Amino acid sequence: CFHCCALTTTGDLYTFGHTQGQDNSNGNLLGRDGLGPGSEFPPRVVQQDGLGQIAEIGVSSYSNVAITMDGRVLTWGDSDGNALGHSNRTCDTPEWVRSLRWLRCTHASLSYTNGAAATDEG
């Protein structure tokens, strides 16, 4: 296992495990600045200005997606195949997927190089 995410009932997101996975080619999977490549860390809350409370988290081997309580989509990790939905090829902290800014998203999922989000309208 490279990394894990845990979501509390109050919307706090915790990450733990290996920062970049076995091949060290990914963005920081733990979503926290200042962590060295190839390091392992115990559970700690992801804190970032503007992140807000998280409603749902999706995890793949190399990337993560979070849906905030207000319907924003944030992604981080490795962007092989442009799976993150933004221009950062390696993204160390959650970044807002601005192309979805006019939509209120309720669910999201990731696979190796693919991602999808569903809105409150289906």
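Small disclaimer: the values here were computed from a predicted structure and weren't measured.
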Fill in: Any donor-acceptor N/O pair, Q48 side chain to P94 backbone, under 3.5 Å
yes
Worksheet item: Would you find a donor on one side and an acceptor on the other, under 3.5 Å apart, between the side chain of T75 and the backbone of L84?
Response: yes
Item to complete: Could you note down all residue pairs passing salt bridge (Lys or Arg N to Asp or Glu O under 4.0 Å) where residues 62-76 supplies at least one of them, sequence neighbours left out?
Response: D70-R72
Worksheet entry | Heavy-atom check, side chain of R101 versus side chain of W96, under 4.5 Å | yes
Report, one line per pair, each donor and acceptor closer than 3.5 Å where one atom sits in a side chain of residues 115-122; sequence neighbours left out.
unit_1 : atom_1 : unit_2 : atom_2 : d
T119   : OG1    : E121   : N      : 3.2
T119   : OG1    : G122   : N      : 3.4

Worksheet item: Within the side chain of Q53, is there an N or O that forms a donor-acceptor pair under 3.5 Å with the backbone of T10?
Response: yes
Fill in: Contact summary for P43 and Y14, nearest pair of heavy atoms
C-CD2, 4.3 Å
Worksheet entry | Gap between atom OG1 of T8 and atom CD1 of I54 - 0.5 Å precision | 10.0 Å
Worksheet item: Linking Ile, Leu, Val, Met, Phe, Trp and Tyr by side-chain heavy atoms under 4.5 Å, what else ends up with I67?
Response: V65, V73, V97, L100, L103, L110
Response to the item:
Closest non-hydrogen contact found for L7 with A55 is CD2-O, 3.5 Å
Worksheet item: If you measure from CG on L74 to CD1 on I57, what distance do you get to the nearest 0.5 Å?
Response: 9.0 Å
Worksheet item: Just wondering, do C4 and T15 contact through their side chains at under 4.5 Å, heavy atoms?
Response: no
Worksheet item: Taking E95 for the side chain and W76 for the main chain, is one N or O donor matched with an acceptor at less than 3.5 Å?
Response: no
Worksheet item: Is there a donor-acceptor pair closer than 3.5 Å between any side-chain N or O of S60 and the backbone N or O of S63?
Response: yes
Worksheet item: Which atom pair, heavy atoms only, marks the closest approach of E56 to A108?
Response: OE2-N, 2.9 Å
